[in-house]
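Because the structure is predicted, anything quoted here is derived from the model rather than measured.
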Amino acid sequence: MVNTHVRKSLPLLRQKKKSSHRPVYYLRQSVTYIFLGLFALIVLLPLIWITLSAFKDEAQIGSDPFGFPKTFDYMNFVNAWTKANMGGYFLNSIILTVGGLAVLIVLAVPTAYVLSRFKFRMARVLSIFFMAGLFVNVNYIVTPLYVMLLSFSRSLGLGVGLVDNLVTVILIYAATSFAFTIYLLSGYFKTMPKGYEEAAKIDGCGYMRTLVQISVPLAMPSIMTVILFNFLSYWNEYMVAMTFLSQARRTLPVGLLALARESKAAADLGRQYAGLLMVMVPVLIVYCFVQGQLTKGLTLGGLKG
C-alpha cells in the first residue's frame with residue numbers, strides 16, 4: 001500500500017516541481033529573446049539604412065535619412081559602377097579573392113593531410129614552422145616585402161612588373177593565410193577516423209586518390225570554414241592592395257575609400273552608399289551558400305563492419 005501511494009504521489013510531485021520552475025524558465029527565455037532581438041537590430045539596422053540610402057537622391061538623404069525612398073534612384077549604382085570605376089575594382093577583387101583561395105586550397109589541403117596523417121623525420125619541425133607563421137601579421141611586413149620585391153623586379157629589368165601585378169598579390173594572400181589554414185585543417189584531419197582510408201587502401205587506392213575521393217569530402221566542413229574565413233579576409237583586405245597595386249588595379253576596399261572622399265567632396269552620399277552595398281552583398285551571398293556546410297560534422301555515413 002505504501003509503495004502504491006508513493007507511485008501515485010510521484011507524478012504530482014513532478015508536476016509541482018515543473019510548475020514551480022516554469023516562471024524561471026519563461027523569464028530566462030524572455031531575457032534570451034530580448035537580447036537576441038537587440039543584437040539583431042544592432043546588426044540589421046545599419047544594413048537596412050545603407051540599403052535604403054543607396055536608392056535615394058541627395059535631397060531625400062538630407063531631409064529624411066531614415067525614411068523609405070519616395071522614388072528609387074538607380075543612378076547611384078550607375079554612377080558608382082561607371083564614373084567611380086567600381087566595376088573594374090569589383091572585377092579585380094573577384095580575381096584576387098578566387099585566385100588566392102584556389103592557390104591556398106590546392107597547397108594547404110595536401111600539406112595539412114601529410115602533416116596530420118604521416119610520420120616522418122621533419123614533420124615536427126615543419127609543424128612548428130607553420131605554427132610560427134600564426135604570429136606574423138601581414139600589415140607589419142607589407143612595406144619591407146614591397147621594397148624587397150621592387151628591388152628584385154628592377155634588378156631583373158622589369159621595373160614595377162613584379163609589384164604592380166595581380167598574380168603577386170594572389171601569392172601574398174595565399175602565403176599570409178597559409179599558417180592559419182594548415183593549423184585548422186591539420187586539427188580536423190587528426191580527428192577523422194582512419195578506417196575510411198584503410199578501406200580505400202584495401203580497394204587499391206593510392207595516396208592521392210584517397211585524399212581526393214575520401215579525405216577531402218569528409219573534411220569539407222573544415223574546408224568550407226577555411227574558404228569563408230579567407231574569403232572575408234581577401235575581399236576586405238586593404239593594406240596589401242593599397243601598397244602593391246596601382247590605381248587601375250585597385251580592389252573594392254581601396255576604391256571605396258576613394259569613392260567616399262569623392263562623394264563627400266561632391267555632396268553625393270547616395271553614390272557612396274551604393275558602393276558600400278556593392279562591397280557587402282557578395283559577402284552575404286557567399287555566407288548564405290556556405291553556412292550550411294559549416295554545421296556539418298562527420299556523421300554522414302559510417303564504417304560497415
Side-chain angles (χ1 to χ4, degrees), residues 18 21-77 80-81 84 86 89-90 93-94 97-98 100-101 177 180-181 184 187-188 220-239 251-257 259-260 263-264 268-300:
K18 289 181 180 179
H21 285 292
R22 279 180 180 176
V24 178
Y25 172 77
Y26 289 139
L27 179 62
R28 289 178 179 175
Q29 291 292 100
S30 300
V31 172
T32 301
Y33 287 132
I34 289 173
F35 276 103
L36 289 176
L38 290 175
F39 182 75
L41 286 176
I42 293 173
V43 174
L44 292 177
L45 279 179
L47 181 61
I48 295 173
W49 180 66
I50 290 173
T51 304
L52 294 177
S53 299
F55 292 96
K56 295 178 182 178
D57 56 22
E58 192 66 25
Q60 292 185 56
I61 294 175
S63 61
D64 189 11
F66 297 99
F68 199 78
K70 298 177 182 178
T71 57
F72 286 89
D73 188 4
Y74 297 97
M75 289 304 298
N76 291 329
F77 294 91
W81 188 266
M86 294 298 286
Y89 303 154
F90 192 89
S93 291
I94 291 178
T97 302
V98 174
L101 288 174
S177 56
F180 170 74
T181 305
L184 193 63
Y188 196 88
M220 194 55 67
S222 181
I223 294 174
M224 286 297 177
T225 303
V226 167
I227 289 175
L228 179 61
F229 285 163
N230 288 297
F231 172 83
L232 295 176
S233 176
Y234 298 167
W235 188 261
N236 297 317
E237 200 281 324
Y238 177 83
M239 283 297 297
T251 58
L252 277 176
V254 181
L256 187 61
L257 179 61
L259 175 61
S263 299
K264 289 181 180 179
D268 189 7
L269 295 178
R271 185 173 61 173
Q272 177 183 345
Y273 295 135
L276 284 170
L277 204 60
M278 291 178 188
V279 176
M280 291 189 298
V281 167
V283 176
L284 298 176
I285 292 175
V286 170
Y287 179 77
C288 290
F289 281 101
V290 175
Q291 62 89 21
Q293 289 287 340
L294 300 180
T295 57
K296 288 185 178 180
L298 297 176
T299 57
L300 301 177

Quick check for you: to the nearest 0.5 Å, what is the distance between L52 atom CG and L47 atom CG?
9.5 Å
F77 versus L277: any side-chain heavy-atom pair under 4.5 Å?
yes
With a 4.5 Å limit on heavy-atom distance, are the side chains of F90 and T251 in contact?
no
So which heavy atom on Q272 is nearest to which on L256, and how close?
O-CD1, 4.3 Å
Which heavy-atom pair separates L252 from M86 by the least distance, and what is that distance?
CD2-CE, 3.4 Å
Measuring only between side-chain heavy atoms, which start at C-beta, is W235 closer than 4.5 Å to V279?
yes
What's the spacing between T97 OG1 and I227 CD1 if we round to 0.5 Å?
12.5 Å
Please check if any side-chain donor atom of Y188 sits under 3.5 Å from a side-chain acceptor atom of T225, or the reverse.
no
So does Y273 get a backbone contact from the side chain of S53, meaning a donor-acceptor N/O pair under 3.5 Å?
no
Could you grab the distance from atom CG of L38 to atom OH of Y33, nearest 0.5 Å is fine?
15.0 Å
For residues L101 and F231, determine if any side-chain heavy atom of one lies less than 4.5 Å from a side-chain heavy atom of the other.
yes
Which atoms form the tightest heavy-atom contact between E237 and P253, and what is the distance?
O-CG, 3.6 Å
Do T181 and F229 touch side chain to side chain, with heavy atoms closer than 4.5 Å?
no
